[in-house]
Amino acid sequence: MKSSSGEIVNNNKIGEDLYKIDIFSPYLCKNSKLGQFINIKCAEPKQYDPLLRRPFAIYDMENDFNVVTILYQLKGKGTKYLSGLVKGDVIDFCGPLGQPVELENNKVLLIGGGIGIAPLFFIARQCVNQSREVHIVAGFKDQSYRLIERDIMRLNINYRIYCEQENWAHTGQVVDGLTDIGNFDNYDIYCCGPKPMLKALQDKLSFRQGKTVAILEEWMACGVGVCAGCAVKIKQGEDRFTYKKVCSDGPAFNLMEVVFD
Ligand code: FES
């Protein structure tokens with residue numbers, strides 16, 4: 001597996017335990033597609049603790065400046081290491097990895113929960129660049145994601161935000177807020193977020209005929225389809241299923257075919 005390196009341009013805390021890192025990488029800018037991710041080595045050079053790389057969805061890209069942006073939440077040793085890096089430090093990554101998401105419809109609805117907003121924002125940016133109509137409905141547990149709203153506002157698109165805490169946006173959970181989902185019958189839907197949210201969406205959207213895609217987040221080891229550590233159950237017909245690898249077959253799957261055990 002070939003690894004590349006990129007220089008950090010910015011690494012900023014933007015909310016409680018939430019960070020944005022900008023990486024200078026002409027290679028990533030040239031080759032990354034929607035829905036793809038990179039696997040970052042979260043340890044000093046020649047150190048291997050933690051041993052496994054960490055997968056991060058691409059959040060944004062500035063092609064004119066060859067900068068790719070990753071959004072990450074402080075969760076453990078790997079992300080703690082990342083949060084300590086500063087401008088000029090170099091990170092080692094593999095990628096872009098995963099199958100690209102192909103946009104087909106001119107009308108797109110993006111439904112995100114928590115850090116799941118990351119790949120959706122990248123899709124939203126592309127929709128705007130391609131003059132597709134795009135709406136974002138996003139839900140967050142607390143107000144640590146407030147600055148993400150500023151990024152969304154800059155896209156100048158329709159959006160709605162839900163927060164489980166009061167005093168910002170609509171109060172509540174994103175799935176409960178989708179009472180107007182009937183207005184989006186002729187949209188393609190892409191969603192990303194925690195499994196309980198995706199499962200609730202699967203139930204809520206089961207009536208739909210249109211394309212409903214889930215971009216799955218999973219713990220990964222190799223990131224390239226070798227270890228099977230990221231396998232998920234996918235329905236095959238009425239009562240059969242198979243296993244697919246999130247890293248190499250996905251991370252995007254038909255939401256209605258994902259089996260949430
Ligand atoms: Fe190894 Fe997906 S992480 S197969």
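In each ligand, atom 1 is the first atom listed, and ligand 1 is the first ligand listed.
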The protein N, O or S atoms lying under 2.8 Å from atom 2 (Fe) of ligand 1 are Cys230 SG, Cys247 SG
| field | Asn186 atom CG, neighbour heavy-atom count above 12 within 6.0 Å | value | yes
Please check if atom CZ in Phe65 has more than 12 non-hydrogen atoms from other residues, nucleotides or ligands closer than 6.0 Å. no
Val226 meets the side chain to side chain contact (heavy atoms under 4.5 Å, CB included) criterion, sequence neighbours left out, with Cys222, Val224
Name the orientation class of the two ring planes belonging to Phe184 and His135 (parallel below 30°, tilted from 30 to 60°, perpendicular beyond 60°).
perpendicular
### Query
Is a salt bridge present between Arg132 and Asp188, judged by a nitrogen-to-oxygen distance below 4.0 Å?
no
task = Taking the side chain as every heavy atom from C-beta outward, state whether Gln126 and Phe121 have any pair of such atoms under 4.5 Å apart.
result = no
